[in-house]
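Let me begin by presenting the structure, written as structure tokens, before commenting on it.
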Amino acid sequence: MRILSSYLEDRWQAGQAPNSTLYNATSEEACAEVSSKGLDLAAALAYARTRGGPTLRAMTFAQRAEMLAAMSATVHENREELIAMSVENCGNTRKDAKFDIDGASGTLAYYAGLGRKLGDKTFLLDGDQVRISRSKRFMGQHILSPRLGVAVHINAFNFPAWNLAEKAAAALLAGVPVLSKPATATATVAERVVQLWHERDLLPSGTFSLLCGSAGDLLDHVRSLDCIVFTGSGDTAARIRGHANVVARNVPVNVEADSLNAAVLGPDVEPGSDTFYMFIAEVSHEITHRAGQKCTAVRRILVPEALLTDTVEALKDRLDGAVLGDPNESATTVGPVSTPAQQRDISAGVAKLAACAERVWGDPDSIPDSGFYVAPQLFLARGGVDASFVHDEEIFGPVATILPWSGDADEAVDIVARGGGGLVTSVFSDDLAWSQKVLFGLAPWHGRILWGSAKVHDQSTGHGTVMPSLVHGGPGKAGGGEELGGERGLRFYWQRTAIQGDTSLLKRVLGSLDA
Ligand code: NAP
């Protein structure tokens, strides 16, 4: 049996028994074991702070960029091996696995490009000098410097490579060493990615640690200048935020959590039009892609009552093309979900949903005998918008619900807002006045909005695709965090400091730091 190890204090270490078991999502056979018991996490954090931090801070953005570029190239060169692992452990089809692996290498490459542009600096100025007194000589200047601690990254099960890499890219480029903890259930992929980086000696001593297995007492040892970046469920986020040591030391926590993402079809959209088919393609893709295990997947579909019949028929037609089955088969478009716990949670959620909505497509009983399968399903909430379950609970699988409504723009905003804040919503319309109302109304509730229209029907990057150059995160239920977004993604790892002094001295001293 493969035993996963952690990379702490520059060496691979396995924890003590008892181990947790990881499964092949298709055969349900055990594929690996892992434990973090007995690992000295206080020492691991101290090592990263004292060895990795100074090394990274001494490197320029351009040097950090070259490290990220090499990390990206390594993931890309080994993508076939990583895809095969992802098919086995996560149940992803090859196409779904590529999304994770290529997302990882793509995000690292993007941040490498940004680092090259920032060039031979180690610090950044934030804005220009600010006049703060009568005299033009006494001025203020904000500077951004890397936090002196460790970036503790805690990741969800569904994107073992991308989650690891996107957080690593931003932290390392910002100049902060990383201790990354993948979700236990799918940690095989994350462990292999980090092995590949260390085998090639890409990461200087102490700059990148990996903790496989449960978090153990990790949070007891974080310090004030460390930070935590978390992706996962709202419940775990609340536990991390409320951890006594995290609270006592005011350790900043960035959270990406649950999100009841929506797609809204405008009342102006003609069935059969480009905008209509863009909407149908996006929504059906979001239901089936990665078996619905995407933080950005569409869970609520708002359809004007007048367009309901055409929309339901078009979605059913499109979803009929989905093939649920063994992810190793090339004809399969939807594999199993990744873990037995996910399968149980989704089934429980579907049972609750069925009490307030009618299933209009998909057969929950039509699944292979073994494997953690969940059949894709489409529901219709008649009397719709009041089905509170639909707005409260995220079913993290291939399930979405149509909510018929009047088509009114203000009402659409109110309905989507019942989700309590989300990562992304898509709006499909060619009516400028209607779209303007909906976009401005939805913006405070979201980190990202995709506006689908005839002009971009064949060019969009997609509702569910997180772009490294754009913000990923959302308010309220979605966690209130923010990742990526180009240089914005580095800001969580920096301290902003206002320095007051003589204008020319500031220019000479800070100018040289920034030069
Ligand atoms: P989860 O159960 O909350 O676990 C997430 C991570 O937290 C795992 O690494 C887990 O470790 C760790 N963890 C659990 N308890 C902890 C504790 N007390 N202290 C420190 N770490 C702890 O979530 P999941 O099952 O992996 O992911 C599913 C959920 O994540 C879904 O609800 C989905 O909405 C959300 N999600 C959000 C995003 C986003 O970007 N917003 C992306 C993906 C998923 P172990 O695995 O070792 O328990």
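Just so you know, these numbers come straight off a predicted model, no measurement behind them. FYI, the numbering just counts along the sequence from 1. First listed ligand is number 1; within each ligand, the first listed atom is number 1.
Looking only at heavy atoms of the protein, atom 6 (C) of ligand 1 is closest to Asn155 O, 3.2 Å. The single protein non-hydrogen atom nearest to atom 48 (O) of ligand 1 is Thr184 OG1, 4.6 Å, given as residue, atom name and distance. Scanning the protein heavy atoms around atom 23 (O) of ligand 1, the nearest turns out to be Ser233 N, 3.5 Å. Of all protein heavy atoms, the one lying nearest to atom 18 (N) of ligand 1 is Arg239 NE, 3.9 Å. Closest protein heavy atom to atom 32 (O) of ligand 1: Asp258 OD1, 3.1 Å. In terms of protein heavy atoms, atom 11 (O) of ligand 1 is closest to Lys181 NZ, 3.0 Å.
Taking the charged nitrogens against the carboxylate oxygens, Asp392 and Arg418 have no contact shorter than 4.0 Å, which rules out a salt bridge.
Of the N and O atoms on the side chains of Trp12 and Ser6, not one donor lies less than 3.5 Å from an acceptor on the other residue. Looking only at atom types and distance, the side chain of Arg300 has a donor-acceptor partner in the side chain of His391 under 3.5 Å away. Remark: the Thr231 side chain and the Lys167 side chain contain an N/O donor-acceptor pair separated by less than 3.5 Å. Side-chain polar atoms of Ser426 and His463 form a donor-acceptor pair below 3.5 angstrom. For the residue pair Asp235 and Ser233, no side-chain donor N or O sits within less than 3.5 Å of a side-chain acceptor on the partner. Looking at Arg192 and Gln195, their side chains do bring a donor and an acceptor atom within 3.5 Å of each other. Side-chain polar atoms of Asn158 and Lys294 form no donor-acceptor pair below 3.5 angstrom. Residues Ser205 and Arg51 bring a donor and an acceptor atom of their side chains to less than 3.5 Å of each other. No side-chain donor from either of Asp326 and Thr332 sits under 3.5 Å from a side-chain acceptor of the other.
Those atoms of ligand 1 with a heavy atom of Thr231 less than 4.0 angstrom away are 5 (C), 37 (C), 38 (C), 39 (C), 40 (O), 42 (C), 43 (C). Close approach of ligand 1 to Glu256 is summarised as follows: ligand atoms under 4.0 Å from at least one heavy atom of the residue are 37 (C), 39 (C), 40 (O), 41 (N). Within ligand 1, the atoms closer than 4.0 Å to a non-hydrogen atom of Thr236 are 1 (P), 2 (O), 3 (O), 7 (O), 13 (N), 14 (C), 15 (N), 16 (C), 22 (C), numbered from 1 in the order shown. Taking every heavy atom of Ile240 and a limit of under 4.0 angstrom, the matching atoms of ligand 1 come to 19 (N), 20 (C), 21 (N).
For the atom pair CG (Asp226) and CG (Leu148), the distance works out to 10.0 Å, reported to the nearest 0.5 Å.
Distances from atom 42 (C) of ligand 1 to the heavy atoms of Cys295, Ala156, Ser20, Ala183 put Cys295 nearest. The residue from Gly232, Pro182, Ser214 that puts a heavy atom closest to atom 30 (O) of ligand 1 is Gly232. Distances from atom 27 (O) of ligand 1 to the heavy atoms of Trp162, Phe159, Phe157 put Phe157 nearest. Proximity annotation for atom 43 (C) of ligand 1: of Val246, Asn158, Val466, Leu219, Asn158 comes nearest, heavy atoms only.
Residue contact check for ligand 1: Gln342 places a non-hydrogen atom closer than 4.0 Å to it. Contact between His472 and ligand 1 is present, with at least one heavy atom of the residue lying under 4.0 Å from the ligand.
Considering backbone and side-chain N/O of Ala215, none are found under 3.5 Å from N/O of ligand 1. Close N/O approach between Ala257 and ligand 1 is found [any backbone or side-chain N/O within under 3.5 Å].
Note on ring orientation: taking the six-membered ring where Trp is involved, the planes of Phe99 and Phe159 are tilted (angle from 30° to 60°).
Residue contacts with ligand 1 for Phe396 involve side-chain atoms from C-beta outward but no N, CA, C or O (heavy atoms, distance under 4.0 Å). When non-hydrogen atoms are compared, ligand 1 lies under 4.0 Å from neither the backbone nor the side chain of Leu218. Only the side chain of Ile154 comes within 4.0 Å of ligand 1, counting heavy atoms alone; its backbone N, CA, C and O stay farther away. Using a 4.0 Å cut-off between heavy atoms, Glu394 contacts ligand 1 through its side chain alone, with no backbone atom that close. Contacts with ligand 1 closer than 4.0 Å are made by no heavy atom of Ala237, backbone or side chain.
The distance between the ring centers of His153 and Phe230 does not fall below 6.0 angstrom.
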Step by step, would you call Glu191 with Arg2 a salt bridge (charged side-chain N to carboxylate O under 4.0 Å, His left out)?
CA-CA 12 Å; Glu191 190 218 33; Arg2 182 175 165 205; 2.4 Å; yes
